[in-house]
Amino acid sequence: MLDMKYIREHEADVRAALDHRGADVDLDGLLEKDRERRAGLQEGERLKSERNTVSKEIGLRKKAGEDTDQQQQRMREVGERIAALDGQNRALEEEIAGILLTIPNVPHKDAPVGPDDTANRLIRTVGEAREFEFEPKTHVELAESLGLIDFTRAARMSGAGFVLFKGLGARLERALMQFMLDMHTREHGYTEIAPPLLCHAEAMTGTGQLPKMAEDMYTIPEDGLYLIPTAEVTVTNMYREEILQDPLPIRHVACTPCFRREAGAAGRETRGLIRVHQFDKVELVKFVEPETSYAELESLLGHAEEVLKRLELPYRVRELCTGDLSFAAARCYDIELWAPGQQAWLEVSSCSNFEDFQARRARIRYRNDKGKTAFVHSLNGSGVALARLFVAILENYQMADGSIALPPALVPYMGGLERIE
RNA sequence: GGAGAGAUGGCUGAGUGGUUUAAAGCGGCGGAUUGCUAAUCCGUUGUACGGUUGAAAAGCCGUACCGGGGGUUCGAAUCCCCCUCUCUCCGCCA
């Protein structure tokens, strides 16, 4: 969330930023509540100061055997006024906090301004889309004919949007996870984390999934738990309400299932792996000093791209415009893979710098070089999402006979297998 | 799931209603002493919010904070209630 003090002191900037995002926020109402709160706070603090002084005096006079009934009576009345003011102030504070939680981050000044994904900026395209001398099949056709995925049985158990990997399909899924985790831990300096897959509302609020995305998540009401839609939630909230002692930057990687209800997406991409309720994802998370966070964003993006380079898959990188940025992000790059069977670009990674937006919500701080506590900057990006990567591998590496020639980087992870047929 | 014991600053650990603005020690920071190191001595020490001075760095004033939330009281770390977490034992369990 944004700092109330920042909003107060940079009203015009905030107003412009929200406008660029297309966010509808009653900033005037918020600022008025903030003024009311500070006035009430000052009055309450003045009364408390008086009570503290007089109470101390009562103690001393009682010890001296003097009568203090009159003072006690007066302080009782002051106490009642304090209680009333405290109540008002708390209500105002809650209202203000509630509003702040719904205000999205201020985009970075260099983020392209625009209303939706048509205004996103193409950064680069890497690799060439392969020329097929036959009609490329979709991953659904390939996976079914090779027995890699059983869509029918998964749907019978769990409904549409769930998949069951089988045999070499399950093996390929596992190989991809292992390949990516090995690269990020051995070569890119990330520490591997295996976090809980369920967590409570406070953690979801910390990273910004709540309150806005409530209906996109699976819940377990009896226990007050949510299934994570991304490992970002638990890996970031690891440090909730902490002052970090470890030297920055902290770099973590986690491979977890991700659960998404995809509410509102009914009917879209119901076949196949493109949009599913449960998928695996390798997630990269960083906590860094504010001065370095944009350099860290570039290296994060590079780490995610490296996966696709090693797998020799064609992809492009786009920077999201202000209207397309996710709620908590200040700046974000999407990586999209070319899928010949779909004839479409598939988003497999979003690399975002949240600056101190998540850290303020989750109260994650560090000590700067002056020894002062300050909010860290947090970043994350997929490195990369599995289901769609699986799609791209099948569709890009398919042969005329329907078999899959595995990319060389993956062969060791498939026990030496070079081809799925 | 049952029973019991706990939760105090960066750490250890005192504190059962009023100079506690949280003792003491450790650690950290600054300084003194010192050929170097060690030791010793002196000083200092958290977080948040609000106000105020200042160009800023940084001061100063106030309030709150002893796991969280409520209550009693003129006054709560301390008394009462609820909750969470940790530990020990029992039960169950991959």
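Just so we're on the same page: letters track the sequence lines, and every chain starts at 1. Everything numeric here is computed off the predicted structure, so don't read it as measured data.
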### Query
Taking any strand in view, what nucleotide pairs with U78(B) in a Watson-Crick or G-U wobble way, both distances under 3.5 Å?
none

### Task
Scan R61(A) against the nucleic acid and name what it touches under 4.0 Å (heavy atoms): base, sugar-phosphate only, or nothing.
nothing

### Query
Base, sugar-phosphate, or nothing for I58(A), non-hydrogen atoms under 4.0 angstrom?
base

### Query
Can we say E355(A) and R360(A) salt-bridge, meaning some charged N sits less than 4.0 Å from an Asp/Glu carboxylate O?
no

### Message
Quick check on RNA chain B: between N52(A) and R367(A), whose nearest nucleotide comes earlier from the 5' end?
### Response
R367(A)

### Query
Just checking Q71(A): base, sugar-phosphate only, or nothing, at a heavy-atom cut-off of under 4.0 Å?
nothing

### Message
By nearest heavy atom, map S49(A) and D3(A) onto RNA chain B; which one lands nearer the 5' end?
### Response
D3(A)

### Task
Please work out whether the ring planes of Y190(A) and H303(A) are parallel, tilted or perpendicular, with thresholds of 30° and 60°.
perpendicular

### Query
Does any nucleotide pair with C87(B) by Watson-Crick or G-U wobble geometry, both distances under 3.5 Å, and what is it?
G4(B)

### Query
Looking for any heavy atom pair under 4.0 Å, which part of the strands does R51(A) touch: base, sugar-phosphate only, or nothing?
sugar-phosphate

### Message
Using a 4.0 Å heavy-atom cut-off, does R360(A) contact any base of the nucleic acid, only the sugar-phosphate backbone, or nothing at all?
### Response
nothing

### Query
So among K286(A), H188(A), R251(A), which one has a side-chain hydrogen bond (donor to acceptor under 3.5 Å, both in side chains) with S299(A)?
K286(A)

## Note on the structure
At a 4.0 Å cut-off to heavy atoms of chain A, the contacted part of RNA chain B spans G18(B) to G75(B)

### Task
Using modelled atom types only, decide if a donor and an acceptor are shared between the side chain of H139(A) and the backbone of L273(A) within a distance under 3.5 Å.
yes

### Task
Report the residues that fulfil salt bridge (charged side-chain N to carboxylate O under 4.0 Å, His left out) with R240(A), sequence neighbours left out, ordered by chain and then residue number.
none

#### Entry: Opposite nucleotide pairing with A58(B), Watson-Crick or G-U, both atom distances under 3.5 Å
U53(B)

### Task
Using both distances under 3.5 Å as the test, list the Watson-Crick or G-U wobble partner of A32(B), or none.
U40(B)

#### Entry: Sugar-phosphate only, base, or nothing, as touched by R363(A) at under 4.0 Å among non-hydrogen atoms
nothing

### Query
Which one is paired to U21(B), where only Watson-Crick or G-U wobble pairs with both distances under 3.5 angstrom count?
none

### Query
If we call it a pair only when both distances are under 3.5 Å in a Watson-Crick or G-U wobble match, what pairs with C26(B)?
G10(B)

### Task
For T68(A), report the nucleic acid contact type (base, sugar-phosphate, nothing); a contact means any heavy atom under 4.0 Å.
nothing

### Query
Which one is paired to U72(B), where only Watson-Crick or G-U wobble pairs with both distances under 3.5 angstrom count?
none

### Query
Counting distance only, does the side-chain N/O of E9(A) pair as donor-acceptor with the main-chain N or O of Y6(A) below 3.5 Å?
no

### Task
Give one of base, sugar-phosphate or nothing for R74(A), where a contact means two heavy atoms less than 4.0 Å apart.
nothing

### Query
When you look at F151(A) and F162(A), which way does the ring pair (Phe, Tyr, Trp, His ring centres under 6.0 Å) test go after all the steps?
CA-CA 7 Å; F151(A) 293 99; F162(A) 290 91; over 10 Å; no

### Task
Hunt down the Watson-Crick or G-U wobble partner of C65(B), both distances under 3.5 Å, from any strand shown, or write none.
G46(B)

### Message
Strictly below 4.0 Å, N to O, side chains only: are E50(A) and R74(A) in salt-bridge contact?
### Response
yes

